[in-house]
Amino acid sequence: NDELLDKLNNPLKIYKTKSKLKAVQLASKKRSEIAKEKVINAINLLRLEDSPISYANIQKVSGVGFNTVKKYVPENILTKRKIFNKKVED
């Protein structure tokens, strides 16, 4: 009875049950897997198009956030930009 009264008096308080927590964990894991697949697909598409592989390009193609891209993409697969030294003639 006290628990019911507590729920009625505190409608904004979130009551977490084991089943709710497990459902949240499963949903989070599924979202992470989907995001990872999107990132992998974006990298493969950029390679097929012979486009530069950068965090920004992967983000645009995959549609996931920048931090998510950084989470799943190691720095060593990014395309390194070649810098050419030009002599400036006066």
Should [X] and [Y] be counted in the same cluster of Ile, Leu, Val, Met, Phe, Trp and Tyr side chains packed under 4.5 Å apart?
| X | Y | result |
| --- | --- | --- |
| L21 | L26 | no |
| I43 | I40 | no |
| V39 | I77 | yes |

Steps toward side-chain contact (heavy atoms from CB on, under 4.5 Å) verdict (V64, Q59)
CA-CA 6 Å; V64 301; Q59 177 190 5; 5.7 Å; no
V69 vs K60 side-chain heavy atoms within contact, under 4.5 Å
no
Going by heavy atoms in the side chains, are K71 and F66 under 4.5 Å from each other?
no
Of the non-hydrogen atoms in Y55 and V73, which two are nearest, and what is the gap between them?
OH-O, 3.6 Å
Please check this pair: side chain of [X] against backbone of [Y], looking for a donor-acceptor N/O pair closer than 3.5 Å.
| X | Y | answer |
| --- | --- | --- |
| N9 | L5 | yes |
| S32 | S28 | yes |
| D6 | D2 | no |

Reported [atom1]-to-[atom2] distance for the pair [X] and [Y], which is rounded to 0.5 angstrom:
| X | Y | atom1 | atom2 | result |
| --- | --- | --- | --- | --- |
| N57 | L45 | CG | CG | 10.5 Å |
| N41 | K36 | CG | NZ | 12.5 Å |
| E37 | I34 | CD | CD1 | 9.5 Å |

Does E33 have more than 12 heavy atoms from other residues, nucleotides or ligands lying within 6.0 Å of its CD?
yes
